[in-house]
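In what follows, a single structure is set out as structure tokens and then discussed.
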Amino acid sequence: MAPHVYVEDLKHHVGQEVTLKGWLYNMAGKGKLYFLQIRDGSGIVQAVVSKQEVAEDVFARVGTLKQETSVIVTGTVREDKRSTLGVEVGLKDLQILQLPTADFPISPKDHGTAFLMSQRHLWLRSKRQVAVLRVRHEIIKQIRHYFDSHGFTLMDAPIFTPNAVEGTTTLFPVKYFDDTAFLTQSGQLYGEAGAMALGRIYTFGPTFRAEKSKTRRHLTEFWMVEPEVAFMDLAGDMDLAEDFLVSVVQGVLANRRPELEILERDIAKLERVQKPFPRIRYEEAIEILKKKGKETKFGDDFGADEETAISEEFDRPIMIHRYPAVIKSFYMKRDPEDARLALALDVIAPEGYGEIIGGSQREDDLAVLESRIAEHNLPKEPFEWYLDLRRYGSVPHAGFGLGVERTVQWICGLHHVRETIPFPRLMGKIEP
């Protein structure tokens, strides 16, 4: 048998006979000629079937094929400048592994999103969804590469936790033997413990928010990467977030341009993601919103509309820093020059894609942190281990969290975040 070659590698085998193993994506032709679109996960290639060049039984089998029939194809790789791959395959033989027992429910015609989401396990096979998942893979690969090559150590944080990190109203309770635990909202608190041991760490895993939101930016389960660095202040945190984000975007542009083209992404807008990012204080952002006719005052948090309005003023991600402390988490350090403000930052993606990074310098003073826990009406006992980090060798430290799915949404140019993860979890949706 000719050697098995993946579609993405066919360009290296022009003139050679190869074997492809995959599925029928689409098919056209009649009479004495068929054009098969064969996909194998790495790409899609056209296989040309001529009645004059194959055995009679092979040509007859081709005529029985249905969409998503699993096949083994043997043929010769030929140059084809019209193809995005630069090649096609002249089919010589075809074996059917499994002929679908019914018509594939997702045909080339248009379908509604609700229907496609109900068929998510099959929708993943489409050219567009494969492109999104390949970009997602590249983003994750670039995230890991950046931190691994900058002296960070990966530290896995637990998914079961005894306490809240980002507000008690968005917790998912879980029966934990004879007690109650919660699905993690963030790996940050454990990441801080890791930074005190290893200096520079990052956590990377699933997080859960029971936020009753149905916007195009929200999921109840999503993946987040969270670096934490000892002896770092807010300025250093912003420098790290900026350098990291540029590195990720440039890595995707270098390695996944064909997928971005399938998604019809305006690549020029991604190429503008270069340092330096605009850095504005929260109060400057308020002034931008007022000039654009938005009713906003000091102390208001920014929602999707406000973030979109601010992003319209810039051609790359924007860093907004020093938010009012009253709208930020208990662990964020106050600005020593203005106690109303927290040393916090958000990175807002351009083009209206919203917040993709949120971070801060952490409060490192034991007494102050204890008072913040009390002010937020949080039980102290579950945080005793966290307070120990301030009792034994406390130092200034900072970090941030980047949501993978919102980043995929922005880089791919997708309208809704539900396409950015293989099986999205939304309010009222937990299947398939």
Side-chain angles (χ1 to χ4, degrees), residues 138-159 161 165-166 184-207 222-252 273-277 279 317 319 321-322 328-333 335 342-347 355-366 368-369 383 385-404 406-407:
E138 188 65 37
I139 289 170
I140 291 172
K141 180 180 175 181
Q142 293 299 325
I143 287 170
R144 292 187 181 277
H145 173 71
Y146 181 87
F147 290 119
D148 291 347
S149 62
H150 284 76
F152 285 73
T153 299
L154 173 65
M155 195 195 86
D156 298 316
I159 291 175
T161 65
V165 179
E166 299 294 340
T184 183
Q185 299 167 316
S186 165
Q188 179 208 312
L189 303 190
Y190 296 96
E192 290 185 51
M196 297 306 112
L198 294 159
R200 291 169 291 179
I201 66 93
Y202 69 103
T203 67
F204 200 173
T207 54
F222 58 96
W223 283 69
M224 189 155 60
V225 60
E226 298 175 274
E228 196 74 29
V229 183
F231 303 102
M232 177 177 279
D233 59 11
L234 179 63
D237 206 21
M238 289 196 285
D239 289 344
L240 176 63
E242 179 183 66
D243 193 59
F244 161 67
L245 201 54
V246 169
S247 177
V248 170
V249 173
Q250 295 308 311
V252 173
V273 181
Q274 300 283 352
K275 296 189 290 186
F277 293 171
R279 300 185 183 190
M319 291 183 156
H321 58 96
R322 290 176 168 79
K328 288 299 180 180
S329 298
F330 74 94
Y331 54 75
M332 295 186 179
K333 191 173 184 66
D335 186 344
L343 296 177
L345 78 136
D346 285 345
V347 179
E355 178 196 335
I356 51 174
I357 287 178
S360 71
Q361 185 173 338
R362 319 308 191 187
E363 180 53 66
D364 53 275
D365 183 277
L366 174 62
V368 174
L369 188 57
F383 291 99
W385 70 268
Y386 184 62
L387 293 169
D388 277 348
L389 306 180
R390 279 72 178 170
R391 294 185 177 110
Y392 306 106
S394 185
V395 299
H397 59 289
F400 61 80
L402 172 133
V404 169
R406 284 194 186 179
T407 305

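What you see is a predicted model, and the numbers here were worked out from it, not measured in a lab.
Between D365 and R390 there is no side-chain heavy-atom pair separated by less than 4.5 Å. The side-chain heavy atoms of P206 and I159, taken from C-beta on, include a pair separated by under 4.5 Å.
Using a 4.0 Å cut-off between a side-chain N of Lys or Arg and a carboxylate O of Asp or Glu, D237 and R362 do not qualify as a salt bridge. Between D239 and K275 there is no salt bridge, since no side-chain N of the basic residue sits under 4.0 Å from a carboxylate O of the acidic one.
Contact detail for M155 and G194: the closest heavy-atom pair is SD-CA, 3.4 Å.
When each of Q142, R144, E138 is paired with I140, the side-chain contact (heavy atoms from CB on, under 4.5 Å) condition holds for R144 and for no other.
For F330, the ring-ring contact (aromatic ring centres under 6.0 Å, His included) partners at least two apart in sequence or on another chain are F383. Residues satisfying the salt bridge (Lys or Arg N to Asp or Glu O under 4.0 Å) criterion with D148, sequence neighbours excluded, are absent altogether. With sequence neighbours excluded, the residues that form a salt bridge (Lys or Arg N to Asp or Glu O under 4.0 Å) with R322 are D335.
In this structure, a donor-acceptor pair under 3.5 Å is absent between the side chains of Y331 and E192.
Other residues, nucleotides and ligands contribute at most 12 non-hydrogen atoms within 6.0 Å of the NZ atom of K141. No more than 12 heavy atoms of other residues, nucleotides or ligands lie within 6.0 Å of NE2 in H145, so this atom counts as exposed by the packing criterion.
Between F244 and F147, the ring center distance clears the sub-6.0 Å criterion.
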